[in-house]
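Contents: one structure, followed by commentary.
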Amino acid sequence: MNELILEISAFCIALFCLIDCFRSRRNLYLPMPKRWGGKLRDQHFIYLVMLTALMGSALFSVAEVAVERYASFTSVPLLYALNECYFLAHTVLTFLFTLYILDMTGASKEKNRRFMLVFLFPFFVSELLVLT
């Protein structure tokens, strides 16, 4: 029960932070970068994606607990799929947090596309490990 309350509160906090980010971005009149390279170097975009991944993680966890409570033998594949989505969202969060720190410190401004590919490689390997 405590895990359910924790995940619901994490979802609500992330939702309100997401709404506040959209409102503050609109008040600043800052356009989003067009290219993906620019978006990966934009602190605001990375923060929005982090909040979205956090909301997804919390939502999948709540759904998993709810399905588990009323589970039967036929709902095992659904539980497995919800658990996989939960772990994928957590893996995405670790990558996004690291990228956000690089953006906040300004270290990603001098990095090129090759660095980003090398930076993404452990993320893709960890995603494959989670899926297997």
Side-chain angles (χ1 to χ4, degrees):
M1 187 64 173
N2 289 336
E3 179 184 339
L4 187 64
I5 292 170
L6 176 71
E7 296 296 340
I8 289 173
S9 63
F11 179 81
C12 291
I13 289 170
L15 178 67
F16 287 121
C17 287
L18 194 68
I19 291 169
D20 184 54
C21 283
F22 281 127
R23 188 180 54 83
S24 66
R25 183 76 172 206
R26 189 186 66 213
N27 289 343
L28 293 173
Y29 301 108
L30 295 173
M32 282 286 190
K34 301 289 184 209
R35 297 181 0 256
W36 273 103
K39 286 182 181 180
L40 290 178
R41 289 178 181 86
D42 184 31
Q43 297 168 7
H44 184 77
F45 179 76
I46 298 298
Y47 186 65
L48 289 176
V49 176
M50 271 178 50
L51 288 174
T52 306
L54 177 63
M55 286 174 49
S57 170
L59 193 64
F60 286 124
S61 178
V62 167
E64 183 183 4
V65 170
V67 168
E68 193 174 39
R69 187 166 292 173
Y70 303 107
S72 65
F73 184 70
T74 58
S75 62
V76 170
L78 178 62
L79 280 172
Y80 180 74
L82 288 172
N83 197 15
E84 287 294 320
C85 292
Y86 173 74
F87 281 122
L88 286 174
H90 269 286
T91 309
V92 168
L93 275 173
T94 58
F95 161 73
L96 289 172
F97 183 70
T98 308
L99 188 60
Y100 184 71
I101 295 298
L102 284 174
D103 286 341
M104 289 296 289
T105 58
S108 68
K109 299 292 183 200
E110 303 91 29
K111 305 301 181 194
N112 56 9
R113 173 178 269 175
R114 189 171 163 202
F115 170 79
M116 286 299 177
L117 290 175
V118 171
F119 181 69
L120 281 171
F121 181 72
F123 168 69
F124 287 128
V125 170
S126 64
E127 290 293 328
L128 287 174
L129 289 174
V130 166
L131 289 174
T132 58

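- Taking CG of N83 as the start and CG of L79 as the end, the distance is 8.0 Å to the nearest 0.5 Å.
- Clustering ILVMFWY residues whenever any of their side-chain heavy atoms sit less than 4.5 angstrom apart, transitively, puts L99 in a cluster other than the one holding L54.
- We find the CG-CE distance between L96 and M50 to be 7.0 Å, quoted to the nearest 0.5 Å.
- Residue F87 is not grouped with residue Y80 when hydrophobic side chains (ILVMFWY) are merged at heavy-atom distances under 4.5 angstrom, including chains of intermediate members.
- Remark: F60 pairs with no residue by the ring pair (Phe, Tyr, Trp, His ring centres under 6.0 Å) rule, at least two apart or across chains.
- In this structure, the side chain of S57 does not engage the main chain of A53 through any donor-acceptor pair within 3.5 Å.
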For side chain to side chain contact (heavy atoms under 4.5 Å, CB included), just list the numbers for D20 and F16, CA-CA rounded to whole Å, side-chain angles, deciding distance to a tenth of an Å, and then say yes or no. CA-CA 6 Å; D20 184 54; F16 287 121; over 6 Å; no
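- For F123, the ring pair (Phe, Tyr, Trp, His ring centres under 6.0 Å) test picks out F95, with sequence neighbours left out.
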Check the pair E7 / V65 against side chain to side chain contact (heavy atoms under 4.5 Å, CB included), numbers first and verdict last. CA-CA 10 Å; E7 296 296 340; V65 170; over 6 Å; no
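- T91 OG1 to F124 CZ: the interatomic distance, rounded to the nearest 0.5 Å, is 12.5 Å.
- In the hydrophobic cluster analysis, where Ile, Leu, Val, Met, Phe, Trp and Tyr join through side-chain heavy atoms closer than 4.5 angstrom, F121 is grouped together with L129.
- Contact record, A14 with L51: CB-O, 3.9 Å, taken as the closest heavy-atom pair.
- You'll find the side chain of S61 stays beyond 4.5 Å of the side chain of F11, heavy atoms only.
- I13 and I19 end up in different hydrophobic clusters when Ile, Leu, Val, Met, Phe, Trp and Tyr side chains are linked at under 4.5 Å.
- In this structure, the separation between CG on L18 and CE on M55 is 5.5 Å, given to the nearest 0.5 Å.
- Hydrophobic cluster membership differs between F119 and L93, with clusters built from Ile, Leu, Val, Met, Phe, Trp and Tyr side chains linked at under 4.5 angstrom.
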